[in-house]
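So the structure is just underneath, and the comments pick up after that.
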Amino acid sequence: MPSLLDQLTAALAGAFAACGLDPALGVVRESDRPELCAFQCNGAFAAAKAARRPPKEVAEAVAAALIDSDTVQNVSVAGPGFINFDASRIAISSALAAQDNARCGVPATGAGTIIVDYGGPNPAKAMHAGHLRTTLIGDALKRIFAFAGYRALGNTHLNDLGLPMGQIISEYAARHPEWPYFDPAFTGPYPAEAPFTYAELEEIYPQAAQACKDDPARRNLARQAAVDLQEGRPGYRALWGHLMRLSKADAKRNFDSLGVSFELWRGEADVHGLIPGIGRDLKGRGLAVESEGALVVPVVEAGDTRPMPPLMYYKSDGAATYGTTDVATLCDRAQTYPDLVRAVYVADRRQALHFEQVFRTARLAGYADGVDLTFVGYGTMNGPDGRPFKTRSGGLPRFDDIVAETLERARARLAEAGLRGDEALARQIMMATLKFADLVNPPAADYVFDPERMTAFEGKTGPYVLYQAVRAGAILEKAGSAGALGPLGVDETPLALTLAAWPEAFAQALAAPSPHPVAAQAYRVAQAFSRFYGACPVLSEADPATRAARLALVARTRAQITLALSLLGIYVPKQM
RNA sequence: GCACCCGUAGCUCAGUGGAUAGAGCGCCGCCCUCCGGAGGCGGAGGCCGCAGGUUCGAAUCCUGCCGGGUGCGCCA
């Protein structure tokens, strides 16, 4: 059963055709003037131009052709040629009936594998508010693709072989030259336990980075250490192994706190072995050329309007860059997953140029033929003053601090409501708060990080949507029996129409791709339900048909909010 | 310098060719003998940065200007 909008568009297309006009002009949209009618079609303007007739005359002809339709009703022509109408009760009911299943009427038509890359923790560096964005957007996109029928795999790409690793290793070499990791004569085995804790690592890293910034000699040591590490020097590899284990555990702790998980934890080190072969291939085919001592892939295309520097494959010191590993990773994925149809990267939008270079290189070399390459960039993070966000200590707020603060506020709010001590519930509220606050915005928009707003429980927030679903659930539980779709009065119709718009909202999210349309739809349903709740008593309604019809709407509301929120990684509790 | 993104209510943001531009927060006023008030209803608040252009119709498309952000090969 097609969606309500599809049914209406089909009816209008038929009317246009009956008048000898292009049926493609029968596109229906929600009305701009809800007090006049629920839907409108503006195709008469374009049709009038093509037919060289006055728009109003065309609109009236189309309206006349709709007189016997059982899909639209209350047809009228307004102004210079707007065709206004409502959906018939039969059309609304059949659209809602088609949603009466676990998928709320959306078919799973996707086929093939999609890999979504997000999270992106940096080893030895505390995850911060920026990681919150990529984590939440990426996790939601993965769920949306999976719901659409694809095999969706989440990967968190670890930047685990770059210069920072060299900086840390050389820092420890300076501080603890006596460690066996730095003794070339040492034959092992190396200690099983790490000689440092993760907290110490987090402290050492910024100091090491700063030292390299200040001192060219230190910088060279760090570069050399990174190259040695990439080439597999045993002591460095052993030390690096400790570092990675601790870093992954910390990243997992952060992801777990939000119920986010990954199918793949493949980073730079996992494709390191592929780099020389790909380099030879690119060079052999003339795609990569020597330039200023480095090996680069020119990716300028005809028609470029902006500067397009080449992708750097090997730096002049022979080291790989993140462009190298991203190309190698893509190549590896296309081979590992023959049915890969799409690779999605969720990262700060300042990396747009980098991914453009990677995508162009892959296309030039044919490493990912048939794979749709998508970059989802999210906005720069600013503070409430509109300038780059800074904590009192000067950095970005920590990921785990944001989670802990929101969790604490959720506990406090639950205590107010007399639900003290329900820790699982507090976590659900926390997740709804953080996830919805982020996902209700389009990813590309600049991001204002306002802790007050981020953790609010009132207004356009996750807890508001949860609350409406909980109220709906309470009614359903007390009613005991199921309802049946029936007559819709003026107070029921807005909710019914909002519910009917779900297939379009999901289609929009999938096409973008973005979680935002799903979040916006969940909010619209919650808002429509809250009005309905105030205007339409259900359990105390005396007329059985009205009561059943309202109960059916309550059930559809609960189901749709539950589904939409689940695609955002948010779960609806029984009470709150 | 060149390029990309953005400029919408006091604030944070939706809305990318249709009528009278929406939401949340904040502000003012109502609504709990009634399914859960994390709520609902009403009100004030806008030359959609500015100026041209295209169009029957522009917040939306084009051009120029002003303002902000970001990027432009050896960090990841």
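We name chains A, B, ... by the order of the sequence lines, and we start the count at 1 in each one.
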At their closest point, which heavy atom of A/Leu439 faces which heavy atom of A/Ala519, and how far apart are they? O-CB, 3.7 Å

Using a heavy-atom cut-off of 4.0 Å across all strands, would you classify A/Met576 as base, sugar-phosphate, or nothing? base

Under a 4.0 Å threshold between the charged nitrogen and the carboxylate oxygen, would A/Glu492 count as salt-bridged to A/Arg550? yes

For A/Asp228 and A/Gln224, which I'm curious about, is there any donor-acceptor pair between the side chains at under 3.5 Å? yes

If we take the P atom in both B/rC34 and B/rC28, what is their distance in whole Å? 28 Å

Describe, in one word, how the ring planes of A/Phe85 and A/Phe39 are oriented to each other, choosing from parallel (under 30°), tilted (30 to 60°) and perpendicular (over 60°). parallel

Which residues within residues 42-58 of chain A lie with some heavy atom under 4.0 Å of an atom in RNA chain B? A/Asn42, A/Phe45, A/Lys49

Across all strands, who's sitting opposite B/rU63 as a Watson-Crick or G-U wobble pair, both distances under 3.5 Å? B/rA51

Would you kindly check whether a donor in the side chain of A/Gln40 faces an acceptor in the base of B/rA19, or vice versa, at under 3.5 angstrom? yes

Report yes if a side-chain nitrogen or oxygen of A/Tyr464 is closer than 4.0 Å to either non-bridging phosphate oxygen (OP1 or OP2) of B/rG36; otherwise report no. no

On a whole-Å scale, what distance lies between the C1' atoms belonging to B/rC62 and B/rU54? 7 Å

By the 4.0 Å heavy-atom rule, please label A/Val554 as base, sugar-phosphate, or nothing. nothing

Can you tell me whether the base of B/rC32 sits syn or anti, using the 90° cut around 0 to define syn? syn

Given that A/Asp160 and A/Arg306 both sit by RNA chain B, which one's nearest nucleotide is further toward the 5' end? A/Arg306

Spatial distance of atom NE2 (A/His272) from atom OG1 (A/Thr325) [nearest 0.5 Å]: 9.0 Å

May I ask you to say whether A/Asp250 pairs ionically with A/Lys125, meaning some side-chain N is under 4.0 Å from a carboxylate O? no

Does B/rG24 pair with anything, Watson-Crick or G-U wobble, both distances under 3.5 Å, and if so, with which nucleotide? B/rC11

Whether A/Thr461 side chain and A/Tyr464 backbone form a donor-acceptor pair below 3.5 Å: yes

Does B/rA19 have A/Phe82 stacked on its base, where the ring centres are within less than 5.5 Å and the planes differ by under 30°? yes

Any side-chain to backbone donor/acceptor pair from A/Arg349 onto A/Gly379? Under 3.5 Å, distance only. no

Considering every strand and a 4.0 Å limit on heavy-atom distances, what is the contact class for A/Glu268: base, sugar-phosphate, or nothing? sugar-phosphate

According to the Watson-Crick and G-U wobble definitions, with both distances under 3.5 Å, which nucleotide is paired to B/rC32? none

Just checking A/Thr461: base, sugar-phosphate only, or nothing, at a heavy-atom cut-off of under 4.0 Å? nothing

Under 4.0 Å from any atom of RNA chain B, heavy atoms only: list the residues of residues 314-324 of chain A that qualify, in numerical order. A/Lys315, A/Ser316, A/Tyr322

Of the options B/rG24, B/rG73, B/rG71, whose atoms approach the side-chain atoms of A/Lys460 most closely? B/rG24

Can you confirm whether the side chains of A/Arg360 and A/Gln357 place a donor and an acceptor under 3.5 Å from each other? no

B/rC2 and B/rG64, which share atom name P, separated by this distance in whole Å: 12 Å

As its Watson-Crick or G-U partner within any shown strand, both distances under 3.5 Å, B/rA44 has none

Is any side-chain nitrogen or oxygen of A/Arg453 closer than 4.0 Å to OP1 or OP2 of B/rU12? no

Which whole-number value in Å describes the distance from A/Asn441 CG to B/rG15 C1'? 14 Å

Can you check the distance between B/rC32 and B/rC47, where both ends of the measurement are the P atom (answer in whole Å)? 37 Å

Do the side-chain N or O atoms of A/Arg471 get closer than 4.0 angstrom to the phosphate oxygens (OP1, OP2) of B/rG39? no

For residues A/Arg409 and A/Thr455, is any side-chain donor paired with an opposing acceptor at under 3.5 Å? yes

If you check every side-chain atom of A/Ser530, which of B/rG39, B/rG71, B/rG36 has the closest atom? B/rG39

Heavy atoms under 4.0 Å, any strand shown: does A/His516 hit a base, just sugar-phosphate, or nothing? sugar-phosphate

Nucleotide nearest A/Val448 (side chain, heavy atoms from C-beta), chosen from B/rC35, B/rC72, B/rC13: B/rC13

Go ahead and name the base partner of B/rG1; Watson-Crick or wobble counts if both distances stay under 3.5 Å, otherwise write none. B/rC72

Can a side chain N or O of A/Arg223 be found less than 4.0 Å away from OP1 or OP2 on B/rC75? yes

How is A/Cys536 classified with respect to the nucleic acid when contacts are heavy atoms under 4.0 Å: base, sugar-phosphate, or nothing? base

With a 3.5 Å limit on both atom pairs, tell me what B/rG57 is paired to, counting Watson-Crick and G-U wobble, or say none. none

Using 30° and 60° as the class boundaries, would you call the ring planes of A/Phe359 and A/Tyr345 parallel, tilted or perpendicular? tilted

Check: A/Gln468/A/Arg471 side-chain N/O donor and acceptor closer than 3.5 Å: yes

Here the distance between atom C1' of B/rC5 and atom OH of A/Tyr378, to the nearest Å, is 16 Å

Rounded to whole Å, the CG-P distance (A/Leu163 to B/rG73) equals 18 Å

Rounded distance (Å) that lies between atom P of B/rG71 and atom CG of A/Asp446: 12 Å

RNA chain B: 5'-proximal contact among A/Ala294 and A/Pro537 (nearest heavy atom): A/Pro537

Do side-chain atoms of A/Glu268 reach the backbone of A/Asp160 as a donor and acceptor pair under 3.5 angstrom? yes

Just call it for A/Ala445: base, sugar-phosphate, or nothing, with non-hydrogen atoms closer than 4.0 Å on any strand. sugar-phosphate

Over all strands shown, is A/Arg413 touching base, sugar-phosphate only, or nothing at heavy-atom distances under 4.0 angstrom? base

Tell me what A/Gly534 touches on the nucleic acid: a base, only sugar-phosphate, or nothing, going by heavy atoms under 4.0 Å. nothing

Round to a whole Å and report the spacing from CG of A/Asp348 to C1' of B/rC75. 14 Å

Compare side-chain N and O positions of A/Gln527 against OP1 and OP2 of B/rG24 and report whether any pair is under 4.0 Å apart. yes

Between B/rG36, B/rG71, B/rC4, which nucleotide has the shortest distance from any of its atoms to the side chain of A/Tyr533? B/rG36

Kindly point out which of B/rC35, B/rC2, B/rG39 is positioned nearest to the side chain of A/Pro307? B/rC2

A/Arg427 with A/Glu423: basic N within carboxylate O range, under 4.0 Å: no

Select base, sugar-phosphate, or nothing to describe what A/Leu414 touches, counting heavy atoms under 4.0 Å on all strands. base

Using atom C1' of each nucleotide, how far apart are B/rC61 and B/rG67 to the nearest Å? 22 Å

From the set B/rA76, B/rG39, B/rA19, return the single nucleotide nearest to any side-chain atom of A/Tyr467. B/rG39

